2 protein chains.
Amino acid sequence: MELSERKKKVLRCVVDLYIRTAEPVGSKAIAALPDMSYSSATIRNEMAELTSLGLLEQPHTSAGRVPSAAGYRLYVDELMEDQRLSLDEARSISSAIDEKLQRVDRMLEKVAKLVSQATELPAISLASRQGQATAQRFDLIRAGDQSVIVVIMLSTEEVVNKLLRLPVAVTEADLKVLAALLNATMTGIPAGDFTGQLLEKVMASAGTAAPLVPVIMDFTAETLRRQGSTNMAIAGQAKLLGLPEYRDVDKAQKVLSSFDEEALRDLPAVMGSESGTKVLVGPENVAQELKDTSVVMTKFDIGEGMQAMIGVVGPTRMDYAKVTARLSYFAESLSKLFSKPEQPQLPEAKTRQEE
Amino acid sequence: MELSERKKKVLRCVVDLYIRTAEPVGSKAIAALPDMSYSSATIRNEMAELTSLGLLEQPHTSAGRVPSAAGYRLYVDELMEDQRLSLDEARSISSAIDEKLQRVDRMLEKVAKLVSQATELPAISLASRQGQATAQRFDLIRAGDQSVIVVIMLSTEEVVNKLLRLPVAVTEADLKVLAALLNATMTGIPAGDFTGQLLEKVMASAGTAAPLVPVIMDFTAETLRRQGSTNMAIAGQAKLLGLPEYRDVDKAQKVLSSFDEEALRDLPAVMGSESGTKVLVGPENVAQELKDTSVVMTKFDIGEGMQAMIGVVGPTRMDYAKVTARLSYFAESLSKLFSKPEQPQLPEAKTRQEE
DNA sequence: CGTTAGCACTCCATCTTCTCGAGTGCTAAG
DNA sequence: CTTAGCACTCGAGAAGATGGAGTGCTAACG
């Protein structure tokens, strides 16, 4: 069923206005809008029909209308004007991103903070790898008589290390042998296959350096497991409380608690595998706690088999246009930043957008 | 001026009760307490005097009494019964800590979460080093024709690494020379001294590997700077909203915002340098936002020149005895865990306490 | 002299009632 | 098809009424 142009226009106005004011909007308010050339009575009729179509709702008789979940859906999918960032905003965002982002988790924190600032809502950022990581190469550095630094290069191109204290002294020669052994036996093996069996096999050939093996294996397995898991960061939680719909402390607490818990872990599942922005409107939502609450998430690739998502959590009436615009811009900038080889730190080329 | 025993007892009861109920306590409630052998009228007299001494306050005539900041102070300093952990609690806490805590920031997150769970309040954990870190040793590992892994061992005994992509190919020999050069010139130097001058000097001697030098120096300086800074983690923010005093959204928001901002950065300064537990009661507090709010922080050493702090933020009427007991226990367990060499992962010896 | 019972008084929290106004749906005229 | 007009609905917020918890004071008690 297709809506008339006028109905669409009215619906759009209702949503826009509701987004701004957070209060039910009446026919008069719509009629007063600058580019609305009908009287409030006409609008009323249209609104009545939109209501019976399930796109608007009335909190009670004689209150204005509020968009229903279906109404938001339609708005997001069809009616929303895709709001470009102004030049200023784009500039300030990209200069913020430019800073060197060292490690993944630091990066996530930073990004979450930026997104939160840009949207004035709580923001989530997460990154995960698809596929199993394996160790690709081991190096052992002798850091003293009784300490060794283990450096492991992973298939994901990430490098991890750990300083080990030993109860016994080891020689350079020991380490050389051990490193060769590790590279021969423990590379290319997914986390799941680090079993007691493998341990025994490796230790048997390890000679004097045998006591080191279990520790290194533990560390490796742990690291690989961690690689598979999802990192995430949240910022700007307090912003939620500034919004009128969360003046109800109970509601706010539910949402905030769902951050603490692992409830958000399965966001990636909900998002599916395609990149792009998804809007989860109110009841369609992931966690039960998040009625009245929408989640907007953008998924994108950051190279090297990693996927990242950024998103915000806010009231269902949040300004979707603004939020999605900002998220897409962030996503784009970030994936550019990451696909670029880290090394030649070229001054960011002209990637600005028109206003 | 010294209070009579009875006054002390009354004061303690008022605070205890207020902690539990979050409501002004009346004379009758105190008199009804099991080990209170006076009538409500007597208690009333005592309370009136305590009020005129500034230790209690009345929200208004004909409401019960509430401890004043000074009252809390006295309570914390003298009256509080130091509440030992029950055996069960101690056991559950130490088993939680036992898990391997890999990196500092992971560790902080985990600890904050645990503390928050144990106290049912928002918790903060932070760690910082005192003194300047320097690089102690450089190793370069060739990871392919055009990539190198830089491994830096710091004076703090932490090891960091970074994978570098190069625009040019390098040989093992190049790297060996460069590593020697780095170890000769860039070790033992604090972050502040990584100047353009040093860069030029090192590059002059670097030969074919010269292009690598600036990147490594950048990374080193950045790392050292980060070492000096304080890491921190916060958990359980949503718990704040469960407390009656923060049903006032504005108040809650102020406190939660102060987490987001860097307001807490100067907590270390306020804490001074001695180890131990400090209670910052309401108005004595750090940030202006935190009126009505107290902060309990415990500072302790975790070896290798690192100091850590754990603490909670909550209403001034929080259960100080419980909170400090738990914090001290955490602090003790953690500093034990860290002072122990990581390697020989002995089954935790008997460090339980009596009930 | 310290302790306690009794009592008048205060003042907040809570509930009820009332009023006001925004917004609606319907009808009839343009 | 659009618009003006009007009676009607209903919630938000103000105003008022009620009850009870808690106080301070006084006087009696051991």
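Quantities reported herein were computed from a predicted structural model and do not represent experimental measurements. Every chain is numbered from 1, with letters handed out A, B, ... down the list of sequences.
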Between OH of B/Y38 and C1' of C/dA5 the distance, given in whole Å, is 18 Å
Would you indicate whether the side-chain heavy atoms of A/L256 and A/Y246 approach each other to under 4.5 Å?
no
Enumerate donor-acceptor pairs with a distance under 3.5 Å from any side-chain N or O in residues 60-69 of chain B to protein atoms, sequence neighbours excluded.
{"unit_1": "B/R65", "atom_1": "NE", "unit_2": "B/T51", "atom_2": "OG1", "d": "2.8"}
{"unit_1": "B/R65", "atom_1": "NH2", "unit_2": "B/T51", "atom_2": "OG1", "d": "3.3"}
{"unit_1": "B/S68", "atom_1": "OG", "unit_2": "B/G54", "atom_2": "O", "d": "2.6"}
{"unit_1": "B/S68", "atom_1": "OG", "unit_2": "B/L55", "atom_2": "O", "d": "3.3"}
{"unit_1": "B/S68", "atom_1": "OG", "unit_2": "B/A70", "atom_2": "N", "d": "3.3"}
{"unit_1": "B/S68", "atom_1": "OG", "unit_2": "B/G71", "atom_2": "N", "d": "3.1"}

So, B/K322 versus B/T119: side-chain donor-acceptor pair below 3.5 Å or not?
no
Whole-Å distance, B/R6 CZ to C/dG2 P, equals 10 Å
A/M297 versus A/I124: any side-chain heavy-atom pair under 4.5 Å?
yes
Test ring pair (Phe, Tyr, Trp, His ring centres under 6.0 Å) applied to A/Y18 - qualifying residues, sequence neighbours left out
none
For B/E46 and B/P59, take the nucleotide of DNA chain C holding the closest heavy atom to each; which residue's nucleotide lies nearer the 5' end?
B/E46
Between B/R6 and B/Y38, is NZ or CZ placed under 6.0 angstrom from the six-membered ring centre and within 45° of the ring axis?
yes
B/S37 vs B/H60, nearer the 5' end of DNA chain C by closest nucleotide:
B/S37
Base, backbone or nothing for each nucleotide of nucleotides 14-30 of chain C, written B, S, -, heavy atoms under 4.0 angstrom, 5' to 3'?
--------BBBBB----
To the nearest angstrom, how far is B/L50 atom CG from D/dG22 atom P?
17 Å
Using a cut-off of less than 4.0 Å, is there contact between a side-chain N or O of A/S39 and OP1 or OP2 of D/dT2?
no
